[in-house]
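Residue numbers start from 1 in every chain, and the chains themselves are labelled A, B, ... in the order their sequence lines are given, proteins ahead of strands.
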Amino acid sequence: MPKIALPDGSERHYDGPVTAGQIAADIGPGLEKAALSAVVNGNHWDINRIIDEDSEIRLITKKDDYCLELIRHDCAHILAEAVLELYPETQVTIGPAIENGFYYDFYRENPFSSDDLVSIEKRMHEIVDRDEQIIRGEWSREEAVRFYKDRNEPFKIELVEAIPESETVSYYQQGEFIDLCRGPHMLSTKKVGHAFKLMKVAGAYWRGDSNNPMLQRIYGTAFLKEADLETYLTMLEEAEKRDHRKLGKALNLFHLQEEAAGSIFWHPNGWTLYREIESYIRRRLNSENYQEVKTPQMIDKSLWEESGHWEKFGENMFTANTKDDKILALKPMNCPGHVQIYRQGVKSYRDLPLRMAEFGSCHRNEPSGALHGIMRVRAFTQDDAHIFCTEEQINSESVAFCNLLKDIYADFGFSDIRVKFSDRPEVRAGDDKTWDKAEQALTSATKAAGIETSSNPGEGAFYGPKLEFVLTDAIGRDWQCGTLQVDFILPERLGAEYVDENGKRKRPVMLHRAILGSLERWIGILIEQYSGKMPPWLSPVQVVIAPITESSNDYANLVYRDLKNVGIRVHIDLRNEKIGFKIREHSNAKVPFILAAGGREEESRTVALRQLGSKNQEVMSLSEVNSFLQLECMPPDLAKNTK
RNA sequence: GCUGCUGUAGCUCAGUAGGUAGAGCACACCCUUGGUAAGGGUGAGGUCGAUGGUUCAAAUCCAUUCAGCAGCACCA
């Protein structure tokens, strides 16, 4: 005799087993119609699944976010059904709902073409219109295995065998199609509606392991309403326009070419941006009492063996052989080099914390498929630093670092940061006791800094746990930028030490930390964040002065020299073009300020200022415009100081 | 690295029955000196990612290779 508790605190009593659907109907016909699935004692259940014991239930309707998951998961099944109808030789594997849609992985000899997608999608719409009932059933393990043996579906057999003994094996049937599935699903294929679209095909490894066979994954997306689908597709188009690879070319910031895959050719515009960021960071680190150093690009293999890099990451390191049979390696990281500087001379506890910074140019031989614009490259520069400190100082140094990082991110316009806590990986150096200590230290530092983290198990560096500060690019890809890593291991391996208050030699702790991560990646993210429309302090060209006609060239030149003299990045456009044309070009180039100067301005010793994104002009005197632009173009840290 | 797709003038792209390449923009020159998102004319520019093959003949077919794109795997 089930007693049903509802979210509003009320209870309903039934004489026999009921379904969530019946309960909804009892509450009201509106709800009966709207209910799609239910949460029964915390588990997602079908609306028509029998409830025969006391339960807490909550009904899922279109108002719940979860309904998108339902639709997408149903969609994945419909996709699989369509594929099997059209290409019966295909084997099905798994097909979940994901963040922006769903996918289904298939195994077959010949991959799907984009034409295939069109016919599959068409068939899916037909299946929805067929209004097939989706029916849940249960199997014993043997039945399930036999079913898939008969159909020659080894992947599914593997899945069945992976289900823990404690769980029942359920399947869902719609029409002729039967799929092993935990559920829940809606009542019929019709419920899915038609607001879905197949997006792309791509390879994906069985169970995400590159040693396994490659499957054909079809991605799709689905929404409640057609309008939502349209909105999503438009959003994707808009995001593509901000792609840093497109904008980088359009704004003449950099280029890449195949003879130097994974390395960037910085053009004058891009390099100006790069240097502006570098100077900014240098100022910030300097005022936080970091000392900047520069360490060798190539170091003998023996040092990398000592540090552990050769063993753990040798595959990704570029090497150069010398005539006398030495092997030099291009540095993939700066830490061993910094320890070498630290080790020059005896260090006292009075020297700690010692903060050593470097704009470290690193090379890593990334797999070809990993390269992505300037976000993932083989040659990049880290705003790297290592803080050598005592165990007691870990906390205060971490807090100071997190605060600095937040402040710097804010200066670049980022307030929404996600932080992941990555703990010990399988392949690691050092014993478990050391790792316990390091992870505890980092956890407590995180708390002290008031930072919320999500856990990222097993993803730490080989020498220590880390915080990863993650930003998302225009196309929704996540990129790790900043990082903070607690390392008890490298100081040991590379013999860093200090003399404590009692004259004893001790190991310092190393905090590896970066804020932007890689300057290259940071610039890529900035371009996308601002759609190329950089704030004035970062704009490669801050001001363009455009005379109306040739007769104003001399006057324009005077204005130009005035601005140039106070350090503003100003260009002058003396081309034989109309003012409208010049405005258009410099606006497209996203120059923040355009100054027009013609006879009127010359007469009154003024200029007409036009800001990017505004149609209005503002007439200002030369001294006004000079101080206005100086202020507007000032980096945020310096601007704070002048206030 | 794996699977699929793509690779044509500086840029964006067209070139579907294999017969030695086109457009727009940009560029150069000339005309125009014009007030806030494209004034007009003329002209120069590619041997079609690379290599090899099939063919009387290849940008167009085949093979290999490089790079890019999407996803997967990887990301110290």
Side-chain angles (χ1 to χ4, degrees), chain A residues 103 105 110-114 116 199-219 243 245-246 249-250 252 255-262 304 307-309 311-317 331-336 362 364-373 375-378 382 422 425 427-429 459-464 466 468 475 477-480 483 485 487 490 512 517-518 521 546-553 576-589 594-601 608-610 612 614-617:
Chain A
Y103 67 78
D105 284 348
N110 300 312
F112 295 107
S113 68
S114 37
D116 292 339
M199 305 296 285
K200 54 198 166 197
V201 236
Y205 298 107
W206 168 238
R207 306 197 129 185
D209 185 334
S210 58
N211 297 313
N212 288 342
M214 179 150 284
L215 308 171
Q216 300 301 320
R217 175 173 296 179
I218 298 181
Y219 282 93
D243 192 317
R245 293 167 296 187
K246 275 193 177 153
K249 194 180 271 179
N252 196 13
H255 84 269
L256 298 150
Q257 66 185 52
E258 68 178 86
E259 291 85 348
W304 302 109
S307 70
H309 288 85
E311 187 201 341
K312 301 246 165 26
F313 309 110
E315 292 228 332
N316 291 321
M317 287 167 68
K331 66 174 173 184
M333 295 201 305
N334 309 298
C335 22
C362 295
R364 298 178 186 175
N365 196 0
E366 302 283 1
S368 57
L371 301 179
H372 180 89
M375 304 279 219
R376 185 87 181 265
V377 286
R378 293 191 173 127
Q382 296 178 311
S422 302
V427 184
R428 59 179 182 261
E459 298 293 323
F462 77 88
Y463 46 73
K466 61 181 181 182
E468 295 176 15
I475 329 174
R477 283 182 255 235
D478 281 348
W479 297 100
Q480 181 194 314
T483 183
Q485 312 171 358
D487 177 9
L490 281 183
H512 305 239
S518 114
R521 173 175 297 178
I548 305 284
T549 67
E550 257 172 27
S551 57
S552 303
N553 280 2
N576 173 17
E577 296 291 350
K578 287 186 169 181
I579 191 67
F581 183 86
K582 292 181 182 178
I583 297 288
R584 177 183 157 80
E585 284 224 326
H586 301 302
S587 298
N588 283 338
I594 300 172
L595 302 181
R600 293 207 294 268
E601 286 76 16
L609 176 132
R610 179 183 165 125
L612 183 58
S614 158
K615 287 223 184 303
N616 304 324
Q617 311 156 46

Between [options], which nucleotide gets closest to the side-chain atoms of [X]?
X         : options                : value
Ile579(A) : A38(B), U36(B), G71(B) : U36(B)
Glu577(A) : G39(B), A37(B), A70(B) : G39(B)
Glu601(A) : U12(B), C66(B), G35(B) : G35(B)
Arg477(A) : A70(B), C2(B), A76(B)  : A70(B)
Ala261(A) : G68(B), G1(B), C75(B)  : G68(B)
Ala204(A) : A70(B), A26(B), C72(B) : C72(B)
His372(A) : G35(B), A70(B), U3(B)  : A70(B)
Thr549(A) : C72(B), A76(B), G34(B) : G34(B)
Pro367(A) : A73(B), C72(B), A38(B) : A73(B)
Pro111(A) : A67(B), U3(B), A73(B)  : U3(B)

Would you say [X] places a side-chain N or O within less than 4.0 Å of OP1 or OP2 belonging to [N]?
X         : N      : answer
Arg217(A) : A70(B) : no
His586(A) : U36(B) : no
Ser368(A) : G1(B)  : yes
Arg364(A) : C74(B) : no
Arg584(A) : C25(B) : no
Lys578(A) : A37(B) : no

Would you measure the distance from the [atom1] atom in [N] across to the matching atom in [M] and give it in whole Å?
N      : M      : atom1 : result
A17(B) : U60(B) : C1'   : 11 Å
U12(B) : A26(B) : C1'   : 11 Å
C5(B)  : C61(B) : P     : 13 Å
U20(B) : C13(B) : P     : 26 Å
U65(B) : U47(B) : P     : 26 Å
G10(B) : C66(B) : P     : 25 Å
U8(B)  : U51(B) : P     : 15 Å
A21(B) : A59(B) : C1'   : 8 Å

Check if the side chain of [X] and the base of [N] share a donor-acceptor pair of N or O atoms closer than 3.5 Å.
X         : N      : answer
Glu366(A) : G1(B)  : no
Arg610(A) : A37(B) : yes
Tyr205(A) : G1(B)  : yes

So [X], base contact, sugar-phosphate only, or nothing? Heavy-atom distance under 4.0 Å.
X         : value
Gly373(A) : sugar-phosphate
Lys200(A) : sugar-phosphate
Lys249(A) : sugar-phosphate
Ala250(A) : nothing
Gly208(A) : sugar-phosphate
Glu459(A) : nothing

Here's a test of your reading of the structure: between Phe581(A) and His309(A), which maps to the more 5' nucleotide of RNA chain B? Phe581(A)
Would you kindly compare Leu612(A) and Glu550(A) by the position of their nearest RNA chain B nucleotide and give the one closer to the 5′ end? Glu550(A)
Would you mind reading off the distance between [X] atom [atom1] and [N] atom [atom2], rounded to a whole angstrom?
X         : N      : atom1 : atom2 : result
Glu585(A) : U36(B) : CD    : C1'   : 14 Å
Tyr219(A) : G71(B) : OH    : C1'   : 5 Å
Glu258(A) : A67(B) : CD    : P     : 7 Å
Ile594(A) : A38(B) : CD1   : P     : 13 Å
Arg376(A) : A76(B) : CZ    : C1'   : 11 Å
Asp105(A) : C2(B)  : CG    : P     : 19 Å
Asn588(A) : A38(B) : CG    : P     : 10 Å
Asn211(A) : C74(B) : CG    : P     : 10 Å

Check whether any side-chain heavy atom of [X] sits under 4.5 Å from a side-chain heavy atom of [Y], and report yes or no.
X         : Y         : answer
His372(A) : Arg245(A) : yes
Ser422(A) : Gln485(A) : no
Lys331(A) : Pro336(A) : no
His512(A) : Tyr463(A) : yes
Pro332(A) : Arg378(A) : no

Base-pairing assignment for [N] (Watson-Crick or G-U wobble, both under 3.5 Å):
N      : answer
A70(B) : U3(B)
G43(B) : C27(B)
U65(B) : G49(B)

Does the plane of the ring in Phe462(A) sit parallel, tilted or perpendicular to the ring in Phe313(A)? Use 30° and 60° as the thresholds. tilted
Nearest 0.5 angstrom please: Gln480(A) CD to Arg521(A) CZ, how far? 7.0 Å
To the nearest 0.5 Å, what is the distance between NZ on Lys249(A) and CG on Asp243(A)? 11.0 Å
